[in-house]
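Have a look at the structure that comes next, please.
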Amino acid sequence: MKHHPDSGIYLLVGLFIIQKHTPAGLVGSYDTVAARIADFVEVGVDTFMLQFQPFPPEMKRFAEEVMPRVRSRELVA
């Protein structure tokens with residue numbers, strides 16, 4: 001888990017690429033996680049298996065904070 005000093009929050013999202021069964025943790029600020037996801041999308045990854053703990057509030061936070069940032073990066077690219 002990593003603390004982002006500018007946001008005052010902690011964000012930990014697990015990402016697994018099914019084909020390789022390799023964890024590629026997404027850790028950092030909302031912007032950092034969105035950038036990492038956008039990097040994966042840019043090289044052709046289109047399916048992500050994410051895990052959240054505790055599930056309901058962290059999934060909601062991901063949807064509200066990270067996904068809009070990912071979508072805005074896709075519009076620019």
Side-chain angles (χ1 to χ4, degrees):
M1 189 173 307
K2 187 173 184 177
H3 178 258
H4 188 269
D6 295 336
S7 67
I9 59 149
Y10 291 85
L11 180 63
L12 173 65
V13 180
L15 172 102
F16 297 88
I17 301 173
I18 296 173
Q19 297 86 344
K20 294 184 180 179
H21 304 286
T22 305
L26 296 172
V27 180
S29 69
Y30 298 139
D31 288 332
T32 299
V33 172
R36 292 271 327 271
I37 290 171
D39 290 344
F40 280 111
V41 170
E42 188 175 310
V43 296
V45 176
D46 64 2
T47 302
F48 298 86
M49 291 184 65
L50 302 173
Q51 124 188 347
F52 305 93
Q53 188 62 32
F55 186 78
E58 292 303 308
M59 182 183 68
K60 183 176 190 281
R61 184 162 64 135
F62 178 83
E64 292 174 349
E65 299 292 344
V66 176
M67 286 311 300
R69 288 168 167 84
V70 173
R71 287 187 187 106
S72 71
R73 287 176 176 274
E74 289 174 350
L75 294 175
V76 172

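Computed from a prediction, not measured in an experiment: that's the story for all the values here.
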Of all heavy-atom pairs between Arg73 and Ala38, which one has the smallest distance, and what is that distance?
CD-CB, 3.9 Å
Nearest non-hydrogen partners of Pro68 and Ala63, listed with the distance
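Looking at all heavy atoms of both residues, the closest pair is CD-O, 3.2 Å.
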I want to check something: taking the side chain as every heavy atom from C-beta on, are Glu58 and Pro54 in contact at a cut-off of under 4.5 Å?
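They are in contact (side-chain heavy atoms under 4.5 Å apart), so the answer is yes.
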Can you name the residues that form a salt bridge (Lys or Arg N to Asp or Glu O under 4.0 Å) with Asp31, not counting sequence neighbours?
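Residues passing salt bridge (Lys or Arg N to Asp or Glu O under 4.0 Å) with Asp31: Arg69.
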So Phe52 and Phe62, would you call those rings parallel, tilted or perpendicular, with 30° and 60° as cut-offs?
tilted
